[in-house]
2 protein chains.
Amino acid sequence: MKLSLAEENYLKAVYHLSAEGETEVSTNAIAEEMQTKAASVSDMMRRLSEKELVHYKKYQGVRISNDGARAALQVVRKHRLWEVFLVEKLKFSWDQVHEIAEQLEHIKSPLLIKRLDEFLGHPKYDPHGDPIPDENGEFKEKPQIPLSSTNLNDDGIVVAVKDTSPVFLQHLDRIGIYLGAKIKTIEKTEFDGSMEILIDQKNKLFISKEVAQNVLVTN
Amino acid sequence: MKLSLAEENYLKAVYHLSAEGETEVSTNAIAEEMQTKAASVSDMMRRLSEKELVHYKKYQGVRISNDGARAALQVVRKHRLWEVFLVEKLKFSWDQVHEIAEQLEHIKSPLLIKRLDEFLGHPKYDPHGDPIPDENGEFKEKPQIPLSSTNLNDDGIVVAVKDTSPVFLQHLDRIGIYLGAKIKTIEKTEFDGSMEILIDQKNKLFISKEVAQNVLVTN
DNA sequence: TTTAATTTTTAGTTTAATCTAAATTTAGTT
DNA sequence: AACTAAATTTAGATTAAACTAAAAATTAAA
Ligand SMILES: [Mn+2]
Ligand SMILES: [Mn+2]
Ligand SMILES: [Mn+2]
Ligand SMILES: [Mn+2]
């Protein structure tokens with residue numbers, strides 16, 4: 001089944017939203033995610049459900065189907081492989097790659113993706129710490145918790161970021177937080193959720209609640 | 001000026017056709033090149049001429065404008081850089097890359113192309129021997145003549161192919177003709193235009209007129 | 001220089017994807 | 001249970017890009 005660019009983008013949105021929260025995804029949530037209008041979403045959901053890529057009952061929200069998830073995962077795979085390529089080979093920074101990968105993910109050529117994957121050495125994670133599905137859509141997410149819910153004196157390694165927007169990533173660059181950094185929790189402020197942390201056993205740093213909630217670490 | 005995928009493809013077709021033959025390109029020639037119908041071409045030419053990308057007077061054919069040529073050359077640049085990437089980095093063969101490059105050439109990101117060009121070491125020619133325009137659209141074609149019009153005992157290096165279709169390229173692979181091969185003309189048959197040649201001072205080979213006309217050599 | 005053949009353009013449809021505005025359904029609240 | 005607010009769907013338009021069939025212009029032939 002060959003999908004249009006728009007269909008692929010909608011499928012990906014439904015997949016991401018149902019992966020995050022509940023199984024039933026609302027029309028409005030999709031419209032929000034896609035920067036489009038609810039009316040357009042209703043229309044597309046009707047079409048996707050005719051192709052059996054989503055389960056859809058009017059006014060009841062949508063759920064991704066098995067076929068739909070498979071298709072979405074292939075797009076996600078391509079997106080993340082391209083992001084790795086851009087960072088590892090073309091020296092882009094992690095805040096620059098998402099927008100370009102949004103275009104590259106729609107290139108149709110199974111052989112291209114196979115070769116790209118080989119060229120990159122079969123990477124398992126993208127520059128934001130998100131797992132890359134294999135040819136069968138299988139992947140393993142690293143165990144991860146928000147920095148904000150670590151305990152005092154806990155040591156952790158930064159493995160991913162929840163927010164992947166350029167502004168947030170640039171902020172992390174500025175304050176010196178990066179994937180792989182070793183972080184010890186020194187102090188947690190009840191009042192505003194801010195924290196004091198130690199990076200790589202060297203640099204003490206105050207971070208806001210917003211930062212702490214969007215940096216994911218593992219022990 | 002941002003162009004749609006369709007507009008870019010039409011512009012490229014007009015550019016290629018006017019680069020080859022005359023300055024005035026016919027509606028039918030474009031339709032042929034694009035695998036579409038003349039009616040669709042008329043429609044698109046009207047729109048492109050409103051944007052001043054082509055000069056167009058009804059029933060008189062079209063000529064690419066300066067702006068149009070500039071835009072077309074950027075698409076050609078991207079196409080050929082991606083072809084180099086696919087062959088040099090992803091180990092595709094020269095007959096497999098055109099179709100994929102047709103998709104990749106429409107990715108919009110000046111920085112991506114700048115970085116790709118650097119990553120590839122600023123290549124001057126693509127896998128078919130075609131010159132790669134620089135950021136300003138400038139390029140230099142190697143002096144080249146069809147193998148069919150060389151003289152007896154002439155020595156030449158294969159620098160490009162005129163026909164870049166997969167079947168032709170696969171045929172060249174099979175008989176052992178490749179970019180950079182040294183070719184000496186041993187015999188030319190008046191009757192059918194076939195030739196006998198010597199490749200790399202080692203292998204004698206008979207080739208058809210069709211092959212001889214589509215292999216371009218330089219001295 | 002008429003006529004015939006060919007090329008090109010126009011007119012009218014179609015499809016995908018979007019939008020606004022209006023209608024409908026569901027959910028929440030007296 | 002009735003009403004209101006919010007969410008969702010439908011109806012109707014719009015735009016880009018394609019097509020077919022018909023009309024118009026150009027070119028070639030008689
Ligand atoms: Mn991304
Ligand atoms: Mn990512
Ligand atoms: Mn090509
Ligand atoms: Mn080429």
Side-chain angles (χ1 to χ4, degrees), chain A residues 1-14 17-18 20-64 68 71-72 75 102-103 105-108, chain B residues 1-14 17-18 21-64 68 71-72 75 102-103 105-106 108:
Chain A
M1 174 125 34
K2 45 175 180 275
L3 303 175
S4 74
L5 189 144
E7 288 171 327
E8 287 190 342
N9 281 334
Y10 275 99
L11 266 188
K12 202 166 51 115
V14 175
L17 289 169
S18 41
E20 277 305 306
E22 302 73 75
T23 46
E24 299 290 314
V25 179
S26 78
T27 302
N28 263 352
I30 298 167
E32 164 84 4
E33 173 97 354
M34 306 263 315
Q35 308 262 66
T36 184
K37 297 299 157 68
S40 309
V41 175
S42 285
D43 216 47
M44 182 57 94
M45 290 310 116
R46 187 179 45 67
R47 276 141 59 199
L48 288 180
S49 82
E50 273 165 20
K51 297 190 175 188
E52 316 225 26
L53 295 166
V54 297
H55 301 292
Y56 173 55
K57 283 201 281 297
K58 282 184 201 172
Y59 295 100
Q60 304 301 119
V62 292
R63 201 158 37 80
I64 195 116
V75 179
E102 282 296 312
Q103 298 180 61
E105 71 187 5
H106 302 291
I107 302 292
K108 265 95 176 171
Chain B
M1 173 123 36
K2 44 175 182 277
L3 303 175
S4 73
L5 188 145
E7 289 172 327
E8 287 189 343
N9 281 334
Y10 275 99
L11 266 187
K12 202 165 53 114
V14 175
L17 289 169
S18 43
E22 300 73 76
T23 46
E24 300 289 315
V25 180
S26 78
T27 302
N28 264 351
I30 298 167
E32 164 85 5
E33 174 98 354
M34 307 262 317
Q35 308 262 65
T36 186
K37 297 298 157 68
S40 309
V41 175
S42 284
D43 217 47
M44 183 57 94
M45 289 310 116
R46 187 179 43 69
R47 276 142 58 199
L48 288 180
S49 82
E50 273 165 21
K51 297 190 174 185
E52 317 226 24
L53 295 165
V54 297
H55 301 292
Y56 173 54
K57 283 203 280 301
K58 283 184 202 175
Y59 296 100
Q60 304 302 120
V62 291
R63 201 158 37 81
I64 196 114
V75 179
E102 282 295 311
Q103 297 180 60
E105 71 187 6
H106 301 291
K108 264 94 175 171

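Letters A, B, ... are given to chains in the order of the sequence lines, protein chains preceding strands, and every chain is numbered from 1. Fair warning: this is a prediction, and the values are worked out from it, not measured in the lab.
- With a 3.5 Å ceiling on both atom-pair distances, the Watson-Crick or G-U wobble partner of C:dA21 is D:dT10.
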Taking N or O atoms only and anything under 3.5 Å, show me the protein contacts with nucleotides 23-29 of chain D, one pair per line.
from	atom 1	to	atom 2	distance (Å)
D:dA25	O4'	B:Y59	OH	3.4

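- Computed from coordinates, the A:K57 NZ to D:dT9 C1' distance equals 16 Å when rounded to whole Å.
- Between B:I30 and B:V62, the closest side-chain pair of non-hydrogen atoms falls below 4.5 Å.
- Put simply, CG on A:N28 is 16 Å from P on C:dT26, counting in whole angstrom units.
- By the neighbour-count criterion of 12 heavy atoms within 6.0 Å, atom CD of B:E24 is densely surrounded, having more than that number from other residues, nucleotides or ligands.
- The separation between A:E24 atom CD and D:dA7 atom P is 17 Å, rounded to whole Å.
- Which of C:dT8, C:dT9, D:dT10 sits closest to the side chain of A:S42 comes down to D:dT10.
- Contact annotation: the side chain of A:V54 approaches that of A:L11 to within less than 4.5 Å [non-hydrogen atoms, C-beta and beyond].
- Counting to the nearest Å, the C1' atom of C:dT6 and the CD atom of B:E32 are 16 Å from each other.
- Under a cut-off of 6.0 angstrom, the local environment of CD in A:E32 is sparse, with at most 12 non-hydrogen atoms contributed by other residues, nucleotides or ligands.
- Nearest heavy-atom pair across B:E7 and B:K51 is OE2-NZ, 2.8 Å.
- Within a 6.0 Å sphere centred on CD of B:E102, other residues, nucleotides and ligands contribute more than 12 heavy atoms.
- Of the possible polar contacts, none joining the B:K58 side chain to the B:R46 backbone as a donor-acceptor pair under 3.5 Å is found.
- In this model, the phosphate group of D:dT9 is approached by a side-chain N or O of A:Y56 to a distance below 4.0 Å at OP1 or OP2.
- As rounded to whole Å, 15 Å separates atom C1' of D:dA7 from atom CE of A:M45.
- Distance CG/A:D43 to NZ/A:K37: 15.0 Å, rounded to 0.5 Å.
- Between A:E33 and A:K12 there is no salt bridge, since no side-chain nitrogen of the basic residue lies less than 4.0 Å from a carboxylate oxygen of the acidic one.
- Between A:I30 atom CD1 and D:dT8 atom P there is a gap of 9 Å when expressed in whole angstrom units.
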N/O contacts under 3.5 Å, protein versus nucleotides 18-22 of chain D?
from	atom 1	to	atom 2	distance (Å)
D:dA18	OP2	B:Y10	OH	3.3
D:dC19	OP2	B:T36	OG1	2.7
D:dC19	OP2	B:K37	N	3.4
D:dC19	OP2	B:S40	OG	2.6
D:dT20	OP2	B:K37	NZ	3.1

